[in-house]
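Encoded as structure tokens, the structure appears first; notes follow it.
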Amino acid sequence: MEYNFREIESDWRKYWAENKTFRAEDNSDKPKYYVLDMFPYPSGAGLHVGHPLGYIASDIYARYKRHKGFNVLHPMGYDSFGLPAEQYAIQTGQHPAVTTEENVTRYRQQLDQIGFSFDWDREVRTSNPEYYKWTQWIFKQLFDCWYNNDSDKAERISVLEERFAQEGNETVNAVHDCEITFSASEWKEFSEKEQRAILMNYRLTYLADSWVNWCPALGTVLANDEVINGLSERGGHPVEQKLMRQWSMRIKAYAERLLTGLEGIDWSDSIKEQQRNWIGKSVGCSVKFQVSDADSAIEVFTTRPDTIFGVSFLVLAPEHPLVDSLTTDEYKEEVEAYKKAASLKTERDRQSDVKNITGQFTGGYAKHPFTGEKVAIWIGDYVLASYGTGAVMAVPCGDQRDWDFANHFGIPIKNIFSDIDISQAAYTEKEGVIADSDFLSGLDVKAAMAKAIEEIEKQGIGKGKTNYRLRDAVFSRQRFWGEPFPVYYKDDVPYMVEDNQLPVELPKVDAYLPTEDGEPPLARAKREDWNVFEGERMEFNTMPGWAGSSWYFLRYMDPKNDGEFVAKEKADYWQNVDLYIGGSEHATGHLLYARFWTKFLYDMGYISFDEPFKKLINQGMILGRSSFVYRDKETGKFVSVSKKDDFDTIALHVDINLVDNDRLDIEAFKKSRPDYANAEFILEEDGTYVCGHEVEKMSKSKFNVQTPDELVEKFGADTLRMYEMFLGPLEQAKPWDTKGINGVHNFLRKLWRLFHNGQGELEVVDQQPQPEALKTLHKTIKKVTEDLERYSFNTPVSAFMIAVNELTDQKCNNKAVLGDLLVLLAPFGPHIAEELWKKLGYTTSIAYAQWPEFKEEFLVENSFDYPVSFNGKMRFKIALPTDMGKEDVEKTVLASEQAQKYLEGNQPKKVIVVPGRIVNIVM
RNA sequence: GCGGGUGUGGUGAAAUUGGUAGACACGCUAGACUUAGGAUCUAGUGCUUCACGGCGUGGGGGUUCGAGUCCCUCCACCCGCACCA
């Protein structure tokens, strides 16, 4: 019987589904292991070969862990809220839920044919009301909490209210935006509305007027991680700054913990570094500069308090609130003009205009806090309103931007560094000796910093401070297809919907566009269209894409629980994700938000771990290999690649399905489009048309999309799985190339033949294995096990090929050896492994067969492989027991016949021994 | 500018703690066989040389009996961040 993968694979998939082979138990004596993929957004395009790459790797690992005796949780679901379904809805009027349902069905079909061992009973979809009920509930928890810096965790807002009532807010060490201070009695005097407005400044999710990234083309605001170089991540539309009343998440509260938490998790340096960058911690201090002719003071943030005597001017952001009051009449016009020009610049303009130095003197002066000298106050758009205090003290001798600014405007530069020349550039190194600086003179930079902060604090003009670049995350989207907020308004004050009324479901709307007044689509819903309606109106915004994905890994533990987002005992059993696989594009988005929410839920005692993903692997992107034909502009003929330079041609993408090994299938090409029916060609000498090629991102428009479906049809799922792994290291980006897939397919055929005789009948013997077969087997056990333990998925495939080649040469058909080999192979090619396993006479699925144990004794022989003369050295490759010490190896080798012959009675100069390996004898 | 990563045959890539570089596979060459299957089998395939040999892991230098691997330095490419005070 031939290797009939089609029949085998569909049979086994049916068997697994019917028997729920991969169901994870919530209670088990076995140790748990949680393997998770980043769940996909079910787009209309379906899966291409790049999507399953990570899923295959995680599936291999999950199956491996089952063989190793773990109770494995390996679920899958859909991040099913999102923009494309909504855009489609706007165009066609079809409800996004319908589109989403269709796409999910298609995804499921495609996923199913690859033979994944998901526990589908635990599937989650973020757009299901039973799911987003709990997204809304978590939002409510965040609303009901504030961050206490003293206990360094989130606490209930009721605790805060009590403290306000007892001591006011001055003694409360919270992360907040509250600009006023009040006493206990004042607090009690406030109306409820006033109290709620104040509390809003403390809540972990809050409604406030904030400067947000507004994308007119998408008609919604975006979070910072959704904006790349001033353009929207989706669609690449321009983004502008706009002041809007929006919900935000006070992620800043967790900045320090998000930073330190990175140390304990096993993620790649590059992702950790990206998160560190994004959080952007800088340690320094704040300093107040008294404005000369006014009562006000300008507070600046600096990381170099040691250079305070080098200050020669201050620069404020054009948006700084004090600018207007500082500006003298003389400069009013120029300052206004500058402010206007700055406000017209988009984020993108400002970034691309970095080298252009601009600024404007305000006419105002401040007093240097130590020298009392006059310090000119400028405005400049290189100072960002949103970072620090929106004002900087400029030290041209120690900061290149300040140096450039001073030189450009002819401001004198004071040098406070000993023996450093600053005539050509600023001295930005954080080492050296400070000079000409009163009490700091003679100190090195480090000591001067400490001393400066001490002095600043003593004088009460500032204090040591840590700043983070991380901004609070905007949480509202003016879209339809997202989670509704569990929020209603009464007297324009937001209130939360009661728990027992959740979920607030998406209401029916007549169109998915914003209203004429520019309100979000939900504003179209009538009162009766809402399943919950309270107060004067409901919240019209919806939550962003990352809301549902920030906690979904918890829901898999207890997907059907209607009373809690996850039962405590289930979360305690499963703990955090042991292995998480997905793309690196979520570094500063999903991966950061999920960590934030996990830490919050931990603070609240709902879960007992504060990092969601222990080990993270980022699979590389699979790129497409596009094919091109070259059309002569003059004649319209298609010119083969080697001759294209003789003509004036344009390159056209050609569907890769019409191309095999760069050779164009001319007949199929002619049929592919009516206007190609009479195409003429200029061919190669051998009469074929050879296409050009290029590596690009896989996309429909480039005709370079390879779907897994066709490959499964042609070669089977096992071949596809193993080939995707064989392609190269998981984490590396690589172009898709189907060329080598035959090699993997042939390997599986060869494996099949190993079990069968020439007539195609099963032929295995159940007796004592040959030593050489055992050697091959145990070599493979060692290799595959070690490789999987270090998450290497490509190298085991080669090991299998070597094993099968060797066993074929040995004509091995030993049941015990082949059985163990099948277990090793099962994670990679589960269908063929199951089939052959059954043929060997086993009645239960191979999925839980015990992983074979490596035994060194089968590899070791007490003999010298060969001695070689090597540049005056005698080299032995030996295989000796590893427990034999270096000295014993040396003695044994020297005593050997071969060595004696080489030495001819002389003493060796040196003997170098690597145990279990090689011995060099130097004469 | 800062940070992270990668450089190995025609191609994808292997290579424990430094220990025969190029395993395995694709492709290619020659041959065998056939029940034409994306078959199978045999031999070859880093460069160079008729050969002996020599040279080879981006370039240069170093440590070592021995370096793809460790150290220094330079180069190229990729990714992330970037007037962040």
Side-chain angles (χ1 to χ4, degrees), chain A residues 2 228-229 268-278 280-282 284 300-304 307 314-315 317 350-351 353-358 380-384 386-395 398-402 404-405 428 467-471 584-585 587-588 618 620-621 660-661 714-715 723 726-729 731-735 737-747 749-750 753 782-783 786-787 790 792 794-805 865-866 868 870-873 875 877 909-923:
Chain A
E2 264 294 293
I228 294 166
N229 290 331
S268 73
D269 289 339
S270 119
I271 295 277
K272 284 188 183 183
E273 199 52 36
Q274 280 182 57
Q275 293 210 345
R276 282 193 199 106
N277 249 322
W278 191 257
K281 179 179 182 174
S282 51
V300 302
F301 173 74
T302 179
T303 56
R304 296 294 304 273
T307 63
L314 300 182
V315 188
R350 260 167 98 145
Q351 279 172 11
D353 216 17
V354 170
K355 281 174 209 93
N356 209 351
I357 299 162
T358 65
D381 68 2
Y382 82 92
V383 177
L384 305 173
S386 54
Y387 183 77
T389 59
V392 302
M393 58 177 219
V395 183
D399 183 291
Q400 193 56 45
R401 291 155 306 167
D402 298 345
D404 292 340
F405 195 87
T428 56
N467 240 315
Y468 299 92
R469 194 150 60 208
L470 183 72
R471 324 248 177 103
S584 59
E585 66 273 19
T588 53
N618 301 112
M621 204 194 328
D660 189 14
N661 212 358
K714 269 186 193 163
F715 301 102
Y723 183 59
F726 186 66
L727 224 42
E731 298 182 74
Q732 208 166 86
K734 51 212 159 224
D737 191 340
T738 315
K739 261 196 222 152
I741 199 166
N742 279 328
V744 172
H745 190 64
N746 291 342
F747 153 73
R749 296 166 58 98
K750 223 168 182 173
R753 260 182 275 129
K782 186 171 196 274
K783 176 80 180 146
E786 284 176 359
D787 286 350
R790 62 187 174 102
S792 173
N794 54 331
T795 45
V797 181
S798 296
F800 293 132
M801 291 179 176
I802 295 168
V804 168
N805 285 345
D865 272 18
Y866 56 92
V868 201
F870 184 71
N871 287 355
K873 281 168 244 164
R875 165 176 287 204
K877 184 181 181 187
K909 205 186 273 173
K910 204 167 186 179
V911 180
I912 299 131
V913 178
V914 181
R917 287 194 163 271
I918 283 167
V919 179
N920 287 322
I921 301 172
V922 184
M923 293 300 289

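Any value given below was found using the heavy atoms of this structure, including those in side chains, with hydrogens, waters and symmetry copies removed. Residue numbers begin at 1 in each chain, while the letters A, B, ... track the order of the sequences.
B/G9 is unpaired under the Watson-Crick or G-U wobble criterion, no partner having all donor-acceptor distances under 3.5 Å. Nucleotide B/U64 is matched to nothing when pairs are restricted to Watson-Crick or G-U wobble geometry with both distances under 3.5 angstrom. For B/U17, there is no paired base (Watson-Crick or G-U wobble, both distances below 3.5 Å). Using the Watson-Crick or G-U wobble rule with both distances under 3.5 Å, B/C41 pairs with B/G31. The pairing partner recorded for B/C2 is B/G80, the criterion being a Watson-Crick or G-U wobble arrangement whose two distances lie under 3.5 angstrom. Base-pair partner of B/C50: not found among the strands shown (Watson-Crick or G-U wobble, both distances under 3.5 Å).
Here the separation of B/C47 from B/G37, taken at their C1' atoms, is 37 Å to the nearest Å. Nucleotides B/G46 and B/G9 have their C1' atoms positioned 5 Å apart, rounded to a whole Å. Taking atom C1' in both B/U34 and B/A39, the straight-line distance is 9 Å, to the nearest Å. Rounded to the nearest Å, the gap between the P atom of B/A43 and that of B/C26 is 15 Å. Of the C1' atoms belonging to B/U63 and B/A14, the separation is 27 Å, rounded to the nearest Å. B/U45 and B/G22 have their P atoms separated by 12 Å, given to the nearest Å. Taking the C1' atoms as reference points, B/G5 lies 26 Å from B/G56, given to the whole Å. B/G19 and B/G66 are spaced 14 Å apart, taking the P atom of each and rounding to whole Å.
Looking only at atom types and distance, the side chain of A/Tyr382 has a donor-acceptor partner in the side chain of A/Asp402 under 3.5 Å away. Side-chain contact of A/Ser282 with A/Asn467: a donor-acceptor pair under 3.5 Å is absent, judged by distance alone. Judged purely by distance below 3.5 Å, without hydrogens or angles, the side chains of A/Thr795 and A/Ser798 never pair a donor atom with an acceptor atom. For the residue pair A/Asn805 / A/Lys750, a side-chain donor-acceptor distance below 3.5 Å is found, with atom types taken as modelled.
Contacts of A/Asn467 with the nucleic acid, taken as non-hydrogen atoms under 4.0 Å apart, are absent. Using a 4.0 Å heavy-atom criterion, one finds that A/Lys281 contacts no nucleic acid atom at all. A/Gln400 comes within 4.0 angstrom of nothing in the nucleic acid, heavy atoms only. The residue A/Phe726 sits close to a base: some heavy atom pair falls under 4.0 Å. In this structure, A/Asp404 reaches neither bases nor backbone, as no heavy-atom distance under 4.0 Å exists between it and the strands shown.
Note on A/Gln732: a side-chain N or O is less than 4.0 Å away from OP1 or OP2 of B/A13. At B/A85, none of the side-chain N or O atoms of A/Tyr382 fall inside 4.0 Å of OP1 or OP2 (strictly under the cut-off).
Nucleotides of RNA chain B nearest to A/Thr795 and A/Ser270 differ in position, and the one nearer the 5' end is that of A/Ser270. In this structure, A/Tyr387 and A/His745 both approach RNA chain B, and ranking their closest nucleotides by distance from the 5' end singles out A/His745.
Interface remark: the A/Lys272 side chain does not form any donor-acceptor pair with the B/G4 base, using a distance-only criterion of under 3.5 Å.
Distance alone, capped at 3.5 Å, is enough to place a donor-acceptor pair between the A/Lys734 side chain and the A/Gln732 backbone. In this structure a side-chain-to-backbone donor-acceptor pair under 3.5 Å is present from A/Arg469 to A/Asn277.
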